[in-house]
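Just so it is clear, the model here is predicted, and its values are computed rather than measured.
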Amino acid sequence: MVRLIVQRLLFSVITLTIVAIVVFAMTDLLPGDWATAYFGKWATPEGLAAMREEYGLNRPATERFAEWVGDALRGDFGDSLTRKIPVVELIRYRLRNSLLLGGLASLVTIPLATLLGITAGLRRDRAADAIISTGSIVGMSTPEFVIGTLLIWALSVGLGLFPSMTLGNPDAPIADLLPNVVMPTMTLTIASTAYLLRMVRTITINVLTSEYVEMATLKGLPRARVVFRHALPNILLPTINIMALMLSGLLGGTFVVEVVFNYPGLGRALVDAVSFRDVPMIQAIALLWAVMYVFFNLGADLVTTFLDPRLRSLRG
């Protein structure tokens with residue numbers, strides 16, 4: 001198990017190294033540079049030269065990349081070009097807000113989608129399966145921004161239950177954000193539940209048609225015992241990896257939802273950073289998202305391997 005953990009950590013480090021190279025290269029290869037984007041139409045040769053000298057933009061890309069990685073490992077992503085304050089200060093509370101949104105959506109989505117997916121699989125080709133599957137197809141076919149817009153129209157404009165957008169600052173207390181997080185959470189839950197329950201349903205059907213479940217049924221064991229003793233553990237194990245992918249997807253989904261509801265999270269910050277060509281902010285948010293993505297998948301991989309001895313023997 002220790003050997004497996006070391007291997008997975010090594011692969012994670014390699015993955016993050018590749019991501020860091022890609023993120024830096026993509027932002028560095030954009031037309032122009034930070035100085036040109038910052039000054040815009042008011043750029044002068046003297047101002048451009050001074051800013052390039054200040055930020056080291058006239059140095060080789062490899063040298064700037066090594067310095068950026070070294071600073072990032074110390075938690076220093078430089079200063080925002082538009083705000084002139086450290087990037088860490090700008091994204092600290094926004095990261096908290098995005099994690100709050102994604103965490104609340106996960107607390108609702110995971111048990112709901114698992115229950116609906118298992119129910120649909122157990123009731124395959126029956127009324128319950130048809131209703132759940134139809135609802136999931138509708139949810140999968142509807143983009144997050146459409147779901148969010150419909151919720152705003154129904155719950156905010158129509159009924160006046162929740163605010164349509166967030167007007168507070170990113171560093172507002174969590175208690176002040178809670179009324180504004182309800183509809184974004186509902187939007188993410190509807191979209192994510194549709195995907196997850198479809199995968200859980202497929203896993204359930206595959207497990208129920210496996211040889212060991214059919215043998216237990218032929219032996220005359222009660223249906224409840226077959227499901228809970230033999231099928232359910234084998235349904236939940238692969239579902240853990242799917243949940244990790246879903247959590248990573250939620251992080252990406254929050255970007256769209258945050259823009260729709262003007263929610264002060266990383267997604268909103270990334271859109272603003274791209275609009276103003278704030279390269280240090282773009283690099284920091286992209287790398288931070290990659291770290292969380294790798295972390296979720298690494299955790300799920302280790303958990304499933306620990307719970308299933310067969311995987312330990314195969315991966316060891």
Side-chain angles (χ1 to χ4, degrees), residues 98-151 154-155 181-210 212-214 217 223-224 226-258 260-261 267 292-293 296-297 299-301 303-304 307-308 311:
S98 290
L99 290 177
L100 173 65
L101 175 57
L104 291 175
S106 301
L107 289 176
V108 180
T109 298
I110 291 175
L112 178 61
T114 302
L115 178 62
L116 292 176
I118 293 176
T119 301
L122 293 175
R123 301 290 181 179
R124 181 184 183 185
D125 297 330
R126 300 181 184 178
D129 181 27
I131 295 172
I132 294 174
S133 297
T134 302
S136 68
I137 292 174
V138 173
M140 293 170 61
S141 304
T142 308
E144 286 94 340
F145 70 90
V146 175
I147 297 174
T149 303
L150 291 175
L151 289 177
L155 301 181
V181 83
V182 175
M183 287 201 295
T185 300
M186 293 174 64
T187 303
L188 284 176
T189 298
I190 293 172
S192 302
T193 299
Y195 285 97
L196 182 57
L197 80 85
R198 291 291 297 177
M199 289 184 277
V200 174
R201 176 186 180 274
T202 301
I203 293 173
T204 302
I205 293 173
N206 291 336
V207 170
L208 292 177
T209 56
S210 60
Y212 60 89
V213 173
E214 290 181 351
T217 303
R223 176 69 171 174
V226 172
V227 171
F228 289 101
R229 181 74 179 272
H230 298 279
L232 190 58
N234 293 283
I235 293 172
L236 295 179
L237 274 176
T239 303
I240 294 176
N241 279 322
I242 296 176
M243 290 177 182
L245 292 174
M246 188 215 68
L247 290 174
S248 304
L250 277 177
L251 293 175
T254 58
F255 287 11
V256 177
V257 174
E258 287 174 5
V260 173
F261 292 96
M292 290 188 290
Y293 185 91
F296 285 138
N297 286 277
D301 197 14
V303 168
T304 53
L307 294 176
D308 193 343
L311 294 178

**Student:** Just one of L151, L104, I147 clears the side-chain contact (heavy atoms from CB on, under 4.5 Å) bar with M186, so which one?
**Tutor:**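 The single option meeting the side-chain contact (heavy atoms from CB on, under 4.5 Å) with M186 is L151.
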**Student:** Of all heavy-atom pairs between L188 and T109, which one has the smallest distance, and what is that distance?
**Tutor:**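 Residues L188 and T109, closest heavy atoms: O-OG1, 4.5 Å.
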**Student:** What pair of heavy atoms forms the shortest contact from M140 to Y195, and how long is it?
**Tutor:**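 Of all heavy-atom pairs spanning M140 and Y195, the closest is O-OH, 3.5 Å.
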**Student:** Which heavy atom in G117 sits nearest to a heavy atom in T204, and how many Å separate them?
**Tutor:**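 For G117 and T204, the tightest heavy-atom pair comes out as O-OG1, 4.1 Å.
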**Student:** Is a donor on one side and an acceptor on the other found under 3.5 Å between the side chain of E144 and the backbone of V256?
**Tutor:**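 Such a contact is absent between E144 side chain and V256 backbone.
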**Student:** In Å, rounded to the nearest 0.5 Å, how long is the span from CG of L155 to CG of L150?
**Tutor:**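 Taking CG in L155 and CG in L150, the distance rounds to 10.0 Å.
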**Student:** As an exercise, state the distance from OG1 of T142 to CD1 of I190, rounded to the nearest 0.5 Å.
**Tutor:**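 Here the rounded value is 9.0 Å.
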**Student:** Can you tell if the side chain of L99 reaches within under 4.5 Å of the side chain of M292, non-hydrogen atoms only?
**Tutor:**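 Contact flag for L99/M292 side chains = yes.
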**Student:** Working to the nearest 0.5 angstrom, can you tell me the gap between D125 CG and I205 CD1?
**Tutor:**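 Interatomic distance, D125 CG to I205 CD1, rounded to 0.5 Å: 7.5 Å.
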**Student:** Could you measure the distance from the CG atom of L122 to the CD1 atom of I118? Nearest 0.5 Å is fine.
**Tutor:**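 Those atoms lie 7.0 Å apart.
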**Student:** With D129, which of R201, R198, R123 fulfils salt bridge (Lys or Arg N to Asp or Glu O under 4.0 Å)?
**Tutor:**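 Of the listed options, the one satisfying the test is R201.
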**Student:** Looking only at non-hydrogen atoms, find the nearest pair between I110 and T114 and report the distance.
**Tutor:**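 Closest heavy-atom pair between I110 and T114: O-OG1, 2.7 Å.
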**Student:** Determine the minimum heavy-atom distance between V257 and T187, stating which atoms define it.
**Tutor:**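 In terms of heavy atoms, the two residues are closest at CG2-CG2, 3.9 Å.
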**Student:** Which atoms form the tightest heavy-atom contact between L197 and S136, and what is the distance?
**Tutor:**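 Heavy atoms only, the tightest pair is CD1-CB, 3.7 Å.
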